[in-house]
Amino acid sequence: MSDEVKINDSELEGVAGGAGNWKQYAKGTYVNYGNYVVYTVASGDVLSGIAIRFGVTVKQIQDWNQIKNANVISVGQKLTIYPTIIR
C-alpha cells in the first residue's frame, strides 16, 4: 500500500494564502534526494501552494526551514521539504 495522497485541484479552493491552484502558487523547481527535496522558491510562490504541491503543511515547511513568518519567503530561497507526494 502506498502512502501517497491524491488531492484534486478542486479540493484546494479557499486554501490559506490563496493557493486554490497549487500550480499557480508553487512554480519553483526542486531536486529530489530520495526522502526529501530541496525546493527553490520562484516568483509568485506562497508557502501554502508549495505545501499542497508536496502534501505537507505550511507549519512543517516552517519548522524544517526555521521560517518565522509564513508570509515572508524570497525568490531563490532553498527549502528542504519531506514530501508525502511529489507533483
Side-chain angles (χ1 to χ4, degrees):
M1 179 180 267
S2 172
D3 288 336
E4 189 171 289
V5 176
K6 300 285 186 193
I7 300 172
N8 304 323
D9 286 344
S10 64
E11 294 177 274
L12 306 180
E13 294 304 316
V15 172
N21 178 350
W22 70 267
K23 291 178 185 176
Q24 181 179 355
Y25 296 104
K27 298 182 238 175
T29 59
Y30 65 89
V31 178
N32 187 342
Y33 291 98
N35 66 337
Y36 70 97
V37 300
V38 175
Y39 181 86
T40 303
V41 176
S43 179
D45 279 357
V46 295
L47 281 186
S48 57
I50 297 166
I52 291 166
R53 181 175 183 179
F54 294 103
V56 298
T57 67
V58 169
K59 176 82 167 90
Q60 286 174 310
I61 295 174
Q62 286 183 267
D63 291 347
W64 294 326
N65 296 279
Q66 294 79 47
I67 297 171
K68 293 182 184 197
N69 184 340
N71 297 312
V72 180
I73 56 175
S74 303
V75 172
Q77 183 175 354
K78 306 282 189 199
L79 301 174
T80 299
I81 302 170
Y82 297 87
T84 61
I85 57 174
I86 296 179
R87 36 178 172 180

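We use all heavy atoms of the structure for the numbers below, so side chains are in, but hydrogens, waters and symmetry mates are not. Nothing fancy with the numbering, it's 1 onward along the sequence.
For the salt bridge (charged side-chain N to carboxylate O under 4.0 Å, His left out) condition, the pairs that include at least one residue of residues 52-74, sequence neighbours left out, are K59-D63. Judged as a side chain to side chain donor-acceptor pair (under 3.5 Å), the pairs with a partner in residues 72-83 (not counting sequence neighbours) are, in order, T40-K78. Contacts classified as side chain to side chain donor-acceptor pair (under 3.5 Å) and involving residues 28-37 (residues at least two apart or in different chains) are not found.
Scanning all heavy atoms of the two residues, the minimum distance from A51 to T57 falls at CB-C, 3.8 Å. I73 and V41 make their closest contact through CD1-CG1, 3.9 Å (heavy atoms, listed as atom of the first residue, atom of the second, distance).
Residues passing the side-chain contact (heavy atoms from CB on, under 4.5 Å) test with N69, sequence neighbours excluded: N71, V72. Under the side-chain contact (heavy atoms from CB on, under 4.5 Å) criterion, Q62 pairs with L47, V58, I67, A70, not counting sequence neighbours. Residues satisfying the side chain to side chain donor-acceptor pair (under 3.5 Å) criterion with K27, sequence neighbours excluded, are absent altogether.
The shortest side-chain heavy-atom distance between I61 and Y39 does not fall under the 4.5 Å cut-off.
With hydrophobic clusters built from ILVMFWY side chains whose heavy atoms lie under 4.5 angstrom apart, V75 does not share a cluster with V46.
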